[in-house]
Protein chains: 2
Amino acid sequence: MADAPTTKRARARAAMTADIKRIARSHLAEHGADGLSLRAVARDLGVVSSAVYRYVASRDELLTLLIIDAYDAVGEAAERAAADGRGGAEARWVRTCGAVRAWAVAHPHDYALVYGSPVPGYAAPADTVDPALRVTRAAISVVAAAWEAGEIDLGAPADIPTVVRDDLEAMRAAFAVELPAEVVARALLAWTGTFGHLSWELFGHLHGGVTDYDAFFEVQAHSWWQLIARGPGAAPC
Amino acid sequence: MADAPTTKRARARAAMTADIKRIARSHLAEHGADGLSLRAVARDLGVVSSAVYRYVASRDELLTLLIIDAYDAVGEAAERAAADGRGGAEARWVRTCGAVRAWAVAHPHDYALVYGSPVPGYAAPADTVDPALRVTRAAISVVAAAWEAGEIDLGAPADIPTVVRDDLEAMRAAFAVELPAEVVARALLAWTGTFGHLSWELFGHLHGGVTDYDAFFEVQAHSWWQLIARGPGAAPC
DNA sequence: CGAGAAACGAGAGCAGTGCTCTTGACATTC
DNA sequence: GAATGTCAAGAGCACTGCTCTCGTTTCTCG
């Protein structure tokens, strides 16, 4: 992953670390974050538990590694979908949201790990924030491209308090895109909405109410784009 | 809570059960669901751990009791807010969402327990689904009242696949309200969006981006209502 | 090249967990 | 009043995260 391992010990260390992560990932996928046990990982590795602590400082640190992996995976999926230019802006948006959902459905425990309840007392280390932003960056880039292409109506200036407007402007700047605050607000609304729907779907709050989750999500994703592109309650004639 | 306890033993049992729940709630509020330990509850109760098992079958069952409590608490808060008729439909909607958020902010661990990652392998017992629906029922009733009062534009018929439309119709029937499928879809969009925003706020995904969470939420809640009442991208002139 | 330093795996151990079983004391009921 | 059921206590099992020590292997540097 980084430099070529030189010494035999360095190679062994890299291999061991990779094995730990690989087995931990499979345990996460099967039993969820709650069921991830360092001792079980060590057992599967054919090694005594204390040996694992030579490579991973604590269970929390191992979880952090998995969190970073998960953020990178969903971020990459979203980036690939967003980069696909086929169709108009709406198609790109729906495709990007769909890629996020596809990842979440394929890796529900990973989704729960990063977007579900945070472990109490777990402070996100600095190395997680950058991977975490990848997926949102992909989404906002779709919006920014659509704005540049004139595919988004600004609508009437919204009544947004200054403190909120400043935050929206700071977000826009952080993502280095050109967008009016109104559109940033709508994009954020649609984006958190996407994750709200996903959480409700994956965590069972829609159980019994939805037959075809794929179709349902697609309908909602199109609505979100309409919200971004035309605004909520845009200009009732 | 139910019948008046007659015998001394029945009274003692009721008191003990209530004490267990009370202490468990305080532990949940302080340490989160992960940190809820039957043994710790027993210790605080001045009783040996096995004694607690006379009243609660397992840790999962205790969590279920807390889940039901949490659903009831947020449901009641939402109902009270929705019942307050001051202002128009938009005011009622924003007030109801605000009540949910106020509860969530005041009891973040309870929120995480019910709307965060579900415990893997935890199948929601039947007694949780009814309390879970209370809060959504409160929200949908606000929408239904607004529709009846003519405060909602239907907009152009949306292009919704039959399978999704059937689900929406079934949801409408389940909540025993009169609403077109289009409006049910928009209400659900707004509702899951509300929880998406809440989860992102409470789980730290907006950390560093938002200064005044109260103001931010209020702006978003108004937008959600506009979405319900006017539709996404309603009739661009 | 070879000695000292660093890294390593194994194992024992500590404190904590959920949960089960037995035992003797108490309350309830017939 | 005796039989029945309920109760709290305690020991015990299997598991967890994590620490420490102890020989062994590997690296590094003189």
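Below, chain A is the first sequence line, B the second, and so on; all start at residue 1.
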So does A:Leu189 get a backbone contact from the side chain of A:Thr192, meaning a donor-acceptor N/O pair under 3.5 Å?
yes
With sequence neighbours left out, what residues match [X] under ring pair (Phe, Tyr, Trp, His ring centres under 6.0 Å)?
X: B:Phe217; result: B:His197
X: B:His205; result: A:Tyr115, B:Trp200
X: A:Tyr55; result: none

On DNA chain C, more 5' by nearest nucleotide between B:Ser37 and A:Val47 is A:Val47
5'-most contact on DNA chain C (nearest-nucleotide basis), A:Ala51 vs B:Leu36, goes to A:Ala51
Nearest-Å distance, [atom1] ([X]) to [atom2] ([N])?
X: A:Leu38; N: D:dT19; atom1: CG; atom2: C1'; value: 13 Å
X: A:Asp44; N: D:dT16; atom1: CG; atom2: P; value: 11 Å
X: B:Arg59; N: D:dC15; atom1: CZ; atom2: C1'; value: 14 Å
X: A:Asp60; N: D:dG17; atom1: CG; atom2: C1'; value: 11 Å
X: B:Arg11; N: D:dC7; atom1: CZ; atom2: C1'; value: 16 Å
X: A:Met16; N: D:dT26; atom1: CE; atom2: C1'; value: 16 Å

Please, which pairs that meet salt bridge (Lys or Arg N to Asp or Glu O under 4.0 Å) have at least one residue in [range], sequence neighbours excluded?
range: residues 45-59 of chain A; value: none
range: residues 185-199 of chain A; value: none
range: residues 197-220 of chain B; value: B:Arg101-B:Glu201, B:Arg101-B:Asp214

inquiry  = Between A:Asp69 and A:Lys21, does any side-chain N to carboxylate O distance fall below 4.0 Å?
reply    = yes
In short, side-chain hydrogen bond (donor to acceptor under 3.5 Å, both in side chains) pairs touching residues 132-141 of chain A with sequence neighbours left out are A:Asp72-A:Arg134, A:Glu79-A:Arg134, A:Thr136-A:Trp191
Enumerate all atom pairs, one protein N or O and one N or O from nucleotides 11-13 of chain D, separated by less than 3.5 Å.
{"unit_1": "D:dG12", "atom_1": "O6", "unit_2": "B:Arg39", "atom_2": "NH2", "d": "3.4"}

Contacted region of DNA chain C by chain B, from 5' end to 3' end of the hits, cut-off under 4.0 Å to heavy atoms, spans C:dT17 to C:dT28
Short N/O separations, protein against nucleotides 22-25 of chain D, under 3.5 angstrom:
{"unit_1": "D:dT25", "atom_1": "O2", "unit_2": "A:Arg9", "atom_2": "NH2", "d": "2.9"}

Sorted by chain and residue number, the side chain to side chain donor-acceptor pair (under 3.5 Å) partners of B:Glu169 (sequence neighbours excluded) come out as B:Arg172
field: side-chain N/O B:Tyr55 vs D:dA8 OP1/OP2, d < 4.0 Å
entry: yes
Residue set satisfying side chain to side chain contact (heavy atoms under 4.5 Å, CB included) with A:Asp167, at least two apart, ordered chain then number -> B:Val210, B:Thr211, B:Phe216
Among D:dG17, D:dA9, D:dC7, the one nearest any side-chain atom of B:Arg13 is D:dC7
